[in-house]
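Have a look at the structure below, then the notes.
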Amino acid sequence: MRQKRAKTYRKLMSLYSMSFGFRQPYQILVDSELCKASVDHKIELVKQLGTVLQGEVKPMITQCCIHELYLQRGQQPAVDLAKTFERRKCNHREPIPGDECLASVVGDSNKHRYVIATQSTPLRTKLRLIPAVPIVHINRSVMILEPPSDTTIRAKALMEQKVLNSTASTETALLASLSTSTEPVPRKKRGPKGPNPLSVKKKKTPNLLPQPQLTKSPSKASLDGKDVGSGKQEKGEDKKSDDTHKRKRMEDNEGDEARSSNIIMSGSTGSSRKRKRRRKGASNTSDSNVIHES
Ligand SMILES: [Zn+2]
């Protein structure tokens, strides 16, 4: 076989396998006339089929086709050849002409992916109307694989378009899914991240600071439910601190009465000590309460 022909056949078989799912070993339905022709031209049929289709081959013959050979006299070599092939059950109870049998086996879609090896020109023209049917025939002792039929080429184009459309649709779907999945997530992230940590700290710090310095803190402490008594004490302290301020003003105004003011200041310090003692007692009671609750 010439190199150019080998290349075209290789391309053709790759088309059948890539686009229509043909797999090796290729199943080849051989008709009775081709068996006779191969015997007449002394062609090694199976070997030639292998070289033309460029792969493993599995020659087959239908019950009707082998029956045609049995009926003819002087065709023993062809019968012997046909007997080496795998028998294909066509389920024709009464044997019908080989062309009709092969046409029925191929059907309208060649779903079993047969290669048809036939010498019948009417059958070949008929099979050209069915997509993806590789056709082989012998012409003057040369085995020929027909170029793809128009129906086959059209079917291939249609399938490719379908594949393209499907991939395009899947791509668009993927893009859509990506866009839908990616868009809302950052929006959610951009949402309120809770209270400003700095503002939270500012709120916490006044509670931690010594309470007597702020007028609002005692009320908050009472709300927290620590002890109402301490709050009262602090209120009293505030009053006293106001008194001390007043006294200081008095001192500024009346510098003569320094002794009395000193006495008052010492008195105030004493009262603060007393308060500390009271606080300690209050804290102890609160602790005991906590223990009881737990
Ligand atoms: Zn049949």
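Counting starts at 1 for both ligands and their atoms, following the listed order. Numbers for residues simply follow the sequence, beginning at 1. Heavy atoms only: backbone and side chains are in, while hydrogens, waters and symmetry mates are out.
- Exactly one residue among Asp31, Val30, Leu29 makes a side chain to side chain contact (heavy atoms under 4.5 Å, CB included) with Cys65. That residue is Asp31.
- Among the backbone and side-chain atoms of Cys65, none of the N, O or S atoms lies under 2.8 Å from the Zn ion (ligand 1).
- Cys35 and Ile61 make their closest contact through SG-CD1, 4.2 Å (heavy atoms, listed as atom of the first residue, atom of the second, distance).
- Other residues, nucleotides and ligands contribute at most 12 non-hydrogen atoms within 6.0 Å of the CG atom of Asp108.
- Nearest N/O/S atom of His92 with respect to the Zn ion (ligand 1) is recorded as ND1.
- Here the angle centred on the Zn ion (ligand 1), running from SG of Cys90 over to SG of Cys101, is 110°, rounded to 10°.
- With Arg5 as reference, Val142 is the one residue of Val142, Val52, Leu145 to meet the side chain to side chain contact (heavy atoms under 4.5 Å, CB included) rule.
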